[in-house]
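Have a look at the structure below, then the notes.
None of the values given here were measured: they were computed from a predicted structure.
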Amino acid sequence: MSRRQAHPTSVITLNTRDGATAQNHVYPLRTPVLGLAFGLVQVQITTSSPARVTVADVEFARQLAAQTHDFARAVERAYRRGVAA
């Protein structure tokens with residue numbers, strides 16, 4: 001994917017700590033919702049429409065999964081190396 005990237009106008013940093021969660025919610029009559037909770041801040045990621053899934057939704061979900069996997073591996077490596085916070 002070689003889309004032209006726009007520069008972000010704002011960045012929100014949500015730090016993980018005890019109690020941070022990620023949960024996939026599957027519903028019988030609508031598309032799934034990925035919930036991320038960071039203390040009192042919650043983020044929900046869902047498809048472009050609650051009634052249908054597009055090719056772009058599938059591509060984003062795959063990209064999210066791949067990048068999340070890479071993030072988990074990098075965190076595991078840092079933990080093994082003893083990187084202190």
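- In the hydrophobic clustering (ILVMFWY side chains linked at under 4.5 Å, chained through shared members), Phe71 is joined by Val75.
- Hydrophobic cluster membership of Val53, counting Ile, Leu, Val, Met, Phe, Trp and Tyr whose side-chain heavy atoms lie under 4.5 Å apart directly or via other members: Val58.
- Both Val41 and Ile12 are members of a single hydrophobic cluster when ILVMFWY side chains are connected at heavy-atom separations under 4.5 Å.
- The shortest heavy-atom contact between Arg52 and Thr31 is O-CG2, 3.8 Å.
- In this structure, Ile45 is not a member of the same hydrophobic cluster as Tyr27, with clusters built from ILVMFWY side-chain heavy atoms closer than 4.5 Å.
- Between the side chain of Asp70 and the backbone N or O of Gln67, no donor-acceptor pair lies under 3.5 Å.
- Residues Leu14 and Val43 are in side-chain contact: their nearest non-hydrogen atoms beyond the backbone lie under 4.5 Å apart.
- Here the side chain of Thr46 pairs a donor or acceptor atom with the backbone of Pro32 at under 3.5 angstrom.
- The side chain to side chain contact (heavy atoms under 4.5 Å, CB included) search around Ala20 returns Thr16, Phe38, not counting sequence neighbours.
- Closest of all the heavy-atom pairs between Gln23 and His25 is O-CD2, 3.6 Å.
- Residues Phe60 and Val33 do not share a hydrophobic cluster, defined by chaining ILVMFWY side chains whose heavy atoms lie under 4.5 Å apart.
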